[in-house]
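Comments concern the structure below.
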Amino acid sequence: MSELKNDQELRREEELELLEQAGVNAYPYSFNKTHDAINILNNYKDEAPEEFASVAVAGRIMSIRRMGKASFFHISDQTGKIQVYLKKDELPEFYENLKLLDIGDIIGIEGYGFRTKTGEVSVHAKSVALLCKSLRSLPVVKEEIDEQGNKIVYDAFADKELRYRRRYVDLIVNPEVKKTFFKRSKIISFMRNYFEAQGWLEVETPILQPIYGGASARPFITHHNALDIPLYLRIADELYLKRLIVGGFEGVFEISKNFRNEGMDKTHNPEFTAMEIYVAYKDYNWMMEMTEDLISNLAFTINGTHEVEYDGHNISLQKPFRRAKMFDLFKEYTGLDLKGKNRVELIAAAKSINVEVEANASSMKILDEIFGAKVEHHLIQPTFVIDYPLEMSPLAKKHRNEDGLVERFELFVCGKELANAFSELNDPRDQRQRLEEQALNRAAGDEEAMILDEDFLYALEVGMPPTAGLGIGIDRLVMMLTGETSIRDVLFFPQMRPEKK
RNA sequence: GAUCCCGUAGCUCAGCCGGUAGAGCAUUUGACUUUUAAUCAAAGGGUCACAGGUUCGAAUCCUGUCGGGAUCACCA
């Protein structure tokens, strides 16, 4: 970054030199930490202080209050903030060096737990060790607890650009950010455990793919030098996971970073995390039950309740979720029966309810537009939208009872798509035909139509058992369970345009 | 890609009907051995995002560029 240093940074370099001249190693090798801040804060008892007669804590200095011959620092570790009390009499060698410490430095304290006159559980220092001198100044955020117990934050580090570009600083000074990412980690490990408990196998499939597929999206393209071929960063892992079902695994899942070369906004980042799972001998009805069980248990485990407040809505993730056929939803929210209508009729229908569509839009596109404009935002409580038109879903199996439809569901919560699942198409003849249609669309200029993958078709010809597949957008799920409305706030390092000098 | 808003000290922000840059916190010096937005006294700190233009004079007005945010479009 900037090579120009401000007065505070110059001062820190000077302090570092002075410390080293005083014989202090500003970057030592280890510290024997025995307690987390939260452990002392939660368990210290006035009637049994001997339980914390000897503690060693470590963390970053977040505030300093020097009072002449005694000082109070707050240090922050992974679990929270704790106050330490430092007295000149008891730190004869180090007390002078305390002047050379700053907010942002990392220190280790050995001492004992006690409660101050004003009631705060703290650590009384018997020795201090500098563990890392910080050469950059941190934003100074101050907090006050008012009489009602509400936290008031002064001078918050709020600049979104800086928070995303320097997430490490954001994590240091905005502790609630850490909470979001602890939750994210718990959500993923809950899922992993849930699937593994069923005996399903976590797998890894290629990120670099010679033919991309499994979704409709534009890819990132790269190049392999030794083979001298283009490779694509995966937009989905579906076709590889299905190959593994062909290979004889009966349940496989992958938590996968996918990459799509498209716009960025509050719910889209060019790389994002999806979870896809395929289970042999099952259909989409079974998958719906599995999905609602997974999500309602997940919500309860993460938040201790099935209720979630998101974007101003109170949502209950208690199962079972509502199930609604797509064309019934059209009827419900537009009053129109769109089933079996041809393109011309659909254009007229769209016009009649003031949905704008391009003159040359396909039937699918028109249905999609109407769904987006008139239906989606009504789906606040978790809703499985089921039975989609065949043309919208080239990898889904034809509906067992209804012509022109496939066995597919998407789960909507708060008007947003969270999951997508099918009874997977395993008839190789039908699959070939549908991918050939995609190829035609592609030739006609649809950049997002799927590419025909002969090896995938070969695998289906070898034979895939009946299979149910599900994909869940992990970032959106994390957003919902943490109440964040921007995907950037659930990614450590959201994509940003590089800074130019 | 379109539209609107924003960019001033390390952080949060004020100044914007043009007249040489302000506050609080942070930093430095001094006082203070249970403070907690510690307090008290003093001091230092800025290419006002960048580049042009208008003007005697621009942080302020105009144009462009860069970066960010929001909305829309695109995107399952």
Side-chain angles (χ1 to χ4, degrees), chain A residues 2 4-12 14-15 62-74 81-91 95 99 102-104 114-120 122 124 134-146 151-166 169 173-174 214-218 235-236 260-270 272 274 356 358 364-365 367-369 371-372 376 385 388 392-394 408 410 412 416-420 447-448 471 473 476 485-486 488 494 496-501:
Chain A
S2 149
L4 295 170
K5 293 185 172 128
N6 62 45
D7 59 330
Q8 301 193 32
E9 289 163 349
L10 292 170
R11 171 63 188 165
R12 280 163 188 257
E14 199 183 311
E15 286 167 342
M62 300 305 289
S63 67
I64 296 179
R65 287 180 297 283
R66 294 193 182 93
M67 313 192 43
K69 299 189 178 64
S71 298
F72 291 89
F73 290 14
H74 268 103
K81 241 189 244 183
I82 190 163
Q83 181 171 256
V84 298
Y85 175 55
L86 306 125
K87 223 168 150 182
K88 186 172 185 182
D89 304 347
E90 299 173 55
L91 301 163
Y95 200 80
K99 278 195 294 213
D102 283 298
I103 289 172
F114 78 115
R115 188 183 294 278
T116 64
K117 222 164 38 179
T118 49
E120 180 165 346
S122 306
H124 191 129
S134 168
L135 296 178
R136 296 285 191 184
S137 51
L138 289 177
V140 180
V141 180
K142 301 222 169 190
E143 294 167 0
E144 185 186 23
I145 312 286
D146 68 12
K151 192 158 92 173
I152 305 167
V153 178
Y154 299 88
D155 296 343
F157 178 55
D159 182 316
K160 288 212 172 189
E161 177 176 2
L162 273 180
R163 287 184 49 211
Y164 297 144
R165 287 194 196 278
R166 298 207 186 119
V169 173
V173 302
N174 291 328
S216 304
R218 285 187 293 181
I235 58 173
R260 296 188 184 175
N261 206 339
E262 282 161 3
M264 295 157 57
D265 61 26
K266 276 172 91 165
T267 55
H268 296 82
N269 193 66
F272 64 100
E356 281 189 34
E358 286 175 33
M364 288 315 108
K365 184 77 190 158
L367 287 172
D368 212 24
E369 289 288 330
F371 193 81
E376 238 172 56
V385 177
Y388 282 64
M392 278 172 121
S393 321
R408 172 182 183 183
E410 289 191 318
F412 283 85
K416 302 204 168 61
E417 180 203 339
L418 256 196
N420 181 23
E447 274 188 85
E448 296 185 344
R476 291 183 189 178
T485 54
S486 170
R488 294 189 180 103
M496 302 284 278
R497 193 185 293 273
E499 284 179 294
K500 279 190 187 162
K501 289 219 168 151

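Proteins get letters first, then strands, A, B, ... in listed order; numbering begins at 1 in each. The structure displayed is predicted, hence computed values, not measured ones. All heavy atoms count here, side chains included; hydrogens, waters and symmetry mates do not.
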Nearest 0.5 angstrom please: [X] [atom1] to [Y] [atom2], how far?
X: A:Arg476; Y: A:His268; atom1: CZ; atom2: NE2; value: 4.5 Å
X: A:Ile82; Y: A:Phe73; atom1: CD1; atom2: CZ; value: 15.0 Å
X: A:Ile103; Y: A:Met62; atom1: CD1; atom2: CE; value: 8.0 Å
X: A:Met264; Y: A:Phe272; atom1: CE; atom2: CZ; value: 13.5 Å

May I ask you to say what [X] touches in the nucleic acid, namely base, sugar-phosphate or nothing, with a heavy-atom cut-off under 4.0 Å?
X: A:Glu90; answer: nothing
X: A:Glu144; answer: base
X: A:Lys365; answer: sugar-phosphate
X: A:Arg163; answer: nothing
X: A:Thr116; answer: base
X: A:Leu162; answer: sugar-phosphate
X: A:Ala215; answer: nothing
X: A:Lys87; answer: base
X: A:Arg65; answer: base
X: A:Tyr95; answer: nothing

Within the pair [X] and [N], is there a side-chain N or O less than 4.0 Å away from OP1 or OP2?
X: A:Arg488; N: B:A70; result: yes
X: A:Arg11; N: B:U28; result: yes
X: A:Arg165; N: B:G67; result: no

Is there a Watson-Crick or G-U wobble partner for [N] with both distances under 3.5 Å, and which nucleotide is it?
N: B:C40; value: B:G30
N: B:C25; value: B:G10
N: B:C56; value: B:G19
N: B:G64; value: B:C50
N: B:C72; value: B:G1

Rounded interatomic separation in angstrom, taking [atom1] from [X] and [atom2] from [N]:
X: A:Glu9; N: B:A9; atom1: CD; atom2: P; result: 14 Å
X: A:Glu376; N: B:C75; atom1: CD; atom2: C1'; result: 12 Å
X: A:Ile145; N: B:U35; atom1: CD1; atom2: C1'; result: 16 Å
X: A:Arg166; N: B:C11; atom1: CZ; atom2: C1'; result: 12 Å
X: A:Arg136; N: B:C11; atom1: CZ; atom2: C1'; result: 15 Å
X: A:Phe73; N: B:A26; atom1: CZ; atom2: P; result: 13 Å
X: A:Arg66; N: B:A41; atom1: CZ; atom2: P; result: 20 Å
X: A:Phe157; N: B:C13; atom1: CZ; atom2: C1'; result: 15 Å

Minimum heavy-atom distance [X]-[Y], with the two atoms named:
X: A:Arg260; Y: A:Ala217; answer: CD-CB, 3.5 Å
X: A:Val169; Y: A:Pro139; answer: CG1-CD, 3.6 Å
X: A:Phe412; Y: A:Glu417; answer: CD2-N, 3.7 Å

- Message: If we ignore hydrogens and angles and just use 3.5 Å, is the side chain of A:Tyr95 paired with the main-chain N or O of A:Ala70 as donor and acceptor?
- Response: yes
- Item | A:Asp102 side chain vs A:Ser134 backbone, donor-acceptor pair below 3.5 Å |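 Here the side-chain-to-backbone pair does not exist.
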Euclidean distance for [atom1], [N] against [M] (whole angstrom):
N: B:G19; M: B:G57; atom1: C1'; answer: 7 Å
N: B:A59; M: B:G22; atom1: P; answer: 13 Å
N: B:C40; M: B:U35; atom1: P; answer: 15 Å
N: B:C16; M: B:U27; atom1: P; answer: 31 Å
N: B:G15; M: B:C74; atom1: P; answer: 39 Å
N: B:C11; M: B:A58; atom1: P; answer: 27 Å
N: B:U39; M: B:A51; atom1: P; answer: 40 Å
N: B:A38; M: B:A26; atom1: C1'; answer: 15 Å

Let's see if you can work this out: which of [options] has an atom nearest to the side-chain heavy atoms of [X]?
X: A:Glu161; options: B:U35, B:U33, B:G68; result: B:G68
X: A:Ala70; options: B:G68, B:U33, B:U34; result: B:U33
X: A:Lys142; options: B:A37, B:U34, B:U28; result: B:A37
X: A:Val140; options: B:C11, B:C25, B:A38; result: B:C25
X: A:Lys117; options: B:U35, B:C74, B:C11; result: B:U35
X: A:Pro139; options: B:U29, B:C11, B:U34; result: B:C11
X: A:Asp102; options: B:U28, B:G67, B:U34; result: B:U28
X: A:Asp7; options: B:G45, B:A70, B:C11; result: B:G45
X: A:Asp265; options: B:C74, B:G44, B:U33; result: B:C74
X: A:Gln8; options: B:G44, B:U34, B:G10; result: B:G10

- Query: Charged N to carboxylate O under 4.0 angstrom, A:Arg12 versus A:Glu9?
  - Reply: no
- hbond_proxy A:Asp89 side chain to B:U33 base (donor-acceptor, 3.5 Å cutoff):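 Yes.
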- Side-chain donor/acceptor contact of A:Glu120 with base of B:U35 under 3.5 Å: no
- Message: Pick the closest RNA chain B nucleotide for A:Arg218 and for A:Ala156 by heavy atoms, then say which residue is nearer the 5' end.
- Response: A:Ala156
- Query: Does A:Tyr164 or A:Gly68 map to a spot on RNA chain B nearer the 5' end, using the closest nucleotide for each?
  - Reply: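 Result: A:Gly68.
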